[in-house]
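One structure is given below, encoded as structure tokens.
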Amino acid sequence: MLHIGGARTALFAWAYARRHGGVFVLRIEDTDRERSGAGYEQAILDGLRWLGIDWDEGPDVGGPYGPYRQTERLEHYRRAAERLLAAGAAYRCFCSAARLEELRARQTSAGDTAAYDGLCRAVDPAEARARSAGGEPFVVRFRVPPGETRFSDLIRGHVAFRNEDVDDWIMVRSDGAPTYNFAVVCDDSEMRITHVLRGEEHLTNTPKQVLLYQALGLEVPVFAHLPLMLGTDGKKLSKRTGDTALLDYRDQGYPPEAVLNFLCLQGWALDDRTDLFSVADLVRHFDPADVGKRGAIFDPEKFLWMAGEYIRSDELARVASRCAPFVVRAGLMSEGEIAARRPWFESAVALAQERIRLYSELPARIAYLFAPDDEVPWQPAALKNARRHEGAEILLGEYLAWLRPQLATGGGAPVLRETTRGWLEARGTKPPVLLQPLRCVLTGEPGGADIFDVIAVLGSERTISRLEAGIRRLASSAPAE
RNA sequence: GGCCCCUUCGUCUAGCCAGGCCUAGGACACCAGGUUUUCAUCCUGGCAACAGGGGUUCAAAUCCCCUAGGGGUCACCA
């Protein structure tokens, strides 16, 4: 799964690479078999593609330093482990899970950092080799040297850790699989990675990795640890706090451009006044050094506002295309019908474009268009508005009589709007007296698009039959009082 | 708890590195008006922050120290 925070990391890394003409590499880190199902990689690729993030090297497109899935690179790790073992920079550890657990418990209760105590450091390499050859299970640990480890971080500046605080971490698991910290260093170096942008949760992994680069005699890349994206509770965003999978936002109807824009604002700003900008602007201006240090609490309200902002300012045709799947899912129209009546569909979408914040909100907004003319559901608030004017059904009747020939002229919404105004003025009737009952009868909604635009979308025939039916319903359902 | 990181309106942030231009700017949300046939949009205005305390300085949101608070991490996860 591609987490929303991971998407932001990818976005920033991608923007940085694009800005400087670098190469953006997509590598699948799937060494944990349990968390790496088949759909997992696909979701990552789909998510990035949805956002419009492309990569120069990756599992699907290949590249000069492939393969790009860690499970296909096991031989690389095995060789590196051999080398480190031979050099004494790493050692085999035969400690049982039970002993480690007990050790950890002891350290934790004493208030110390839980770390391996180095027991197997003392095992003679020849003996260790013999024991492993004899089938005794073991892991390979990195032998952390004394001293201090420093590295520079584009966002945090110089960072230093005392090596005594760095655990003799496991590089190779007992089943022979590499751990993240190990695989990543091998890969980053072999893939000529110069810049590593990742989440702040990796900050404490960095000294381990830097030490490994040094042991391998490799050049250390430049790091940039992005602040975390936090939930409303101020804690690292997680499933518990809300939706965190990127594709959930697609499925909920967010425009990808809004997701991109919003993600940028979590930790970065274009300038002191601009909230809405494109990814081209990001690429033009992004510098990791400008990223803030503190975690950003994800604000769903602002996200929604931004989504609406993008939908409102977008071209109708595209909004319609993106709304279409939701309309189909809601059962309002089939894909075929939408294609066959595309102009009409677009005019229907136009009625709601500035009123929705997500594509998924469209169906509910235009559902009234699809109701049978003689039983359009009337919302209580709509009926209440209509009832505010006594004799509404009589006025509607007179309006209908006037309207029939008007509709036949096919003047469209602007013309009808004007002529209706004239009709109202001539008889000294205030607009709401007609328009509120009219809206109720045609849409059943208390609010919504300009009623003359609605009439245009509904068409003459349906407008008339809704009026006829509406007048009957109003008359027969007179208020109780 | 150890280690590491962080701290400007409720939230996202600008300003901080190169101290005076800050009466701290913008945005979301909220409140009040206006436009509109309704809703939405749009426009105008308002509310609201430099965590606290010490320094340094003519001058500190900006530099230093301390305190408090928050977060991350301590896996044969990534």
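Sequence lines set the chain letters: A, B, ... in the order given, protein chains first and strands last, and positions in each chain run from 1.
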Return each pair, listed once, that meets ring pair (Phe, Tyr, Trp, His ring centres under 6.0 Å) where at least one residue sits in residues 426-449 of chain A; pairs must be two or more places apart or across chains. none
Taking 4.0 Å as the cut-off, does a side-chain nitrogen or oxygen of Thr31(A) come that near to OP1 or OP2 on A78(B)? yes
Is there a donor-acceptor contact under 3.5 Å linking the side chains of Thr206(A) and Arg198(A)? yes
With Glu425(A) via side chain to side chain donor-acceptor pair (under 3.5 Å) - residues at least two apart: none
Using a 4.0 Å heavy-atom cut-off to protein, can you give one letter per nucleotide of nucleotides 11-18 of chain B, 5' to 3': B if the base is in contact, S if only the sugar-phosphate is, - if neither? BBBS----
Please list each protein N or O that sits under 3.5 Å from an N or O in nucleotides 61-69 of chain B, with the distance.
none

Tyr91(A): which residues meet the side chain to side chain donor-acceptor pair (under 3.5 Å) condition with it, sequence neighbours left out? Asp168(A)
Side-chain atoms of Val139(A) come closest, of A78(B), C76(B), U41(B), to C76(B)
Sequence neighbours excluded - side-chain hydrogen bond (donor to acceptor under 3.5 Å, both in side chains) pairs with any residue from residues 284-299 of chain A: Asp281(A)-Arg284(A)
Taking the six-membered ring of Phe138(A) as reference, does the NZ or CZ atom of Arg131(A) fall below 6.0 Å from its centre and within a 45° cone about the axis? no
The side chain to side chain donor-acceptor pair (under 3.5 Å) partners of Gln42(A) (sequence neighbours excluded) come to Asp46(A)
With sequence neighbours excluded, residues passing ring-ring contact (aromatic ring centres under 6.0 Å, His included) with Phe277(A): Trp268(A)
Go through the structure and list residues passing side chain to side chain donor-acceptor pair (under 3.5 Å) with Tyr254(A), not counting sequence neighbours. none
Hey, does the side-chain of Arg439(A) have a donor or acceptor N/O within less than 3.5 Å of a partner on the base of U38(B)? yes
Where the side chain of Asn205(A) is defined as all heavy atoms beyond and including C-beta, which of A78(B), C3(B), U41(B) is the nearest nucleotide? A78(B)
Here the side-chain hydrogen bond (donor to acceptor under 3.5 Å, both in side chains) pairs for residues 349-365 of chain A, sequence neighbours left out, are Arg322(A)-Tyr359(A)
Rounded C1' spacing from C42(B) to G19(B) in Å: 42 Å
When you measure from the side chain of Trp305(A), which nucleotide among A29(B), A40(B), C76(B) comes out closest? A29(B)
If you measure from the Lys or Arg side-chain nitrogens to the Asp or Glu carboxylate oxygens, is any gap between Glu102(A) and Arg104(A) under 4.0 Å? no
Is a salt bridge present between Asp167(A) and Lys208(A), judged by a nitrogen-to-oxygen distance below 4.0 Å? no
Can you pull every protein N or O that's under 3.5 Å from an N or O on nucleotides 43-52 of chain B?
none

Per Ala114(A) side chain, nearest of listed nucleotides G71(B), C74(B), C6(B): C74(B)
Can you tell me which nucleotide in A78(B), C5(B), G71(B) comes closest to the side chain of Glu201(A)? A78(B)
For C22(B) and A60(B), measure between their P atoms and round to the nearest Å. 16 Å
Please tell me if Arg355(A) has a side-chain N or O lying less than 4.0 Å from either OP1 or OP2 of U41(B). no
When you measure from the side chain of Lys236(A), which nucleotide among C28(B), A40(B), U73(B) comes out closest? U73(B)
Select one nucleotide: of U73(B), U41(B), A27(B), the one nearest the side-chain heavy atoms of Arg312(A). U41(B)
Can you see whether Tyr116(A) has Arg141(A) sitting over its ring - NZ or CZ less than 6.0 Å from the centre and within 45° of the normal? yes
Do NZ/NE/NH1/NH2 and the carboxylate oxygens of Arg79(A) and Glu82(A) come within less than 4.0 Å? no
Side chain of Phe161(A) only, please: which of C42(B), U73(B), C4(B) is the nearest? C4(B)
Nucleotide nearest Glu301(A) when distance is taken to its side chain, options A40(B), C28(B), A78(B): C28(B)
Mind listing the residues from residues 89-100 of chain A sitting with a heavy atom below 4.0 Å of RNA chain B? Number order is fine. none
